[in-house]
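Structure record follows, encoded as structure tokens.
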Amino acid sequence: MRLDKYLKVSRLIKRRTIANEACDAGRVMVNDKVAKASYDVKVGDIIEIVFGDRKTRVEVLMVQETVKKEAAGEMYKNI
């Protein structure tokens, strides 16, 4: 699954367009490397998102095309 879509489905970022813009601006890193929106997310990847002074670092536990809002938090683990 593409990185921008994963960020939206897991609800780490609210909209896919914003996720895409964050990737283009270099604010999203996967496994300590700046990642493009087209990066293929795999289980075990470490995603770091920087918005201003806020940093979010998560480990991918599950990759699914669709998920209910209540189960979105089960797709990743905060580090």
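Numbers here are sequence positions counted from 1. Just so it is clear, the model here is predicted, and its values are computed rather than measured.
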Please answer: with hydrophobic residues joined when any side-chain heavy atoms are less than 4.5 Å apart, are M1 and I13 in the same cluster? yes

For C23 versus A37, what's the shortest heavy-atom pair and its separation? CB-N, 3.6 Å

Strictly distance-based, threshold 3.5 Å: is any side-chain N or O of N78 a donor or acceptor partner for the main-chain N or O of V58? no

Between the side chain of D40 and the main-chain N/O of R2, is any donor-acceptor distance below 3.5 Å? no

Should V30 and V34 be counted in the same cluster of Ile, Leu, Val, Met, Phe, Trp and Tyr side chains packed under 4.5 Å apart? no

Checking side chain to side chain contact (heavy atoms under 4.5 Å, CB included) between M75 and each of L61, V60, V9, which is the one that passes? V9

Check this for me: does any side-chain nitrogen of one of R27 and E21 sit under 4.0 Å from a carboxylate oxygen of the other? no

Should V43 and V28 be regarded as members of a common hydrophobic cluster, given that ILVMFWY residues are connected when their side-chain heavy atoms come within less than 4.5 Å of each other, either directly or indirectly? yes

Does NZ in K42 sit with more than 12 non-hydrogen atoms of other residues, nucleotides or ligands closer than 6.0 Å? yes

Count the heavy atoms belonging to other residues, nucleotides or ligands that lie under 6.0 Å from CZ of R15, then report whether that count exceeds 12. no

Would a hydrophobic clustering, with Ile, Leu, Val, Met, Phe, Trp and Tyr connected at side-chain separations under 4.5 Å, put I47 with I18? yes

Using the rule that Ile, Leu, Val, Met, Phe, Trp and Tyr join whenever any side-chain heavy atoms are under 4.5 Å apart, tell me whether M29 and V41 fall into a single cluster. no

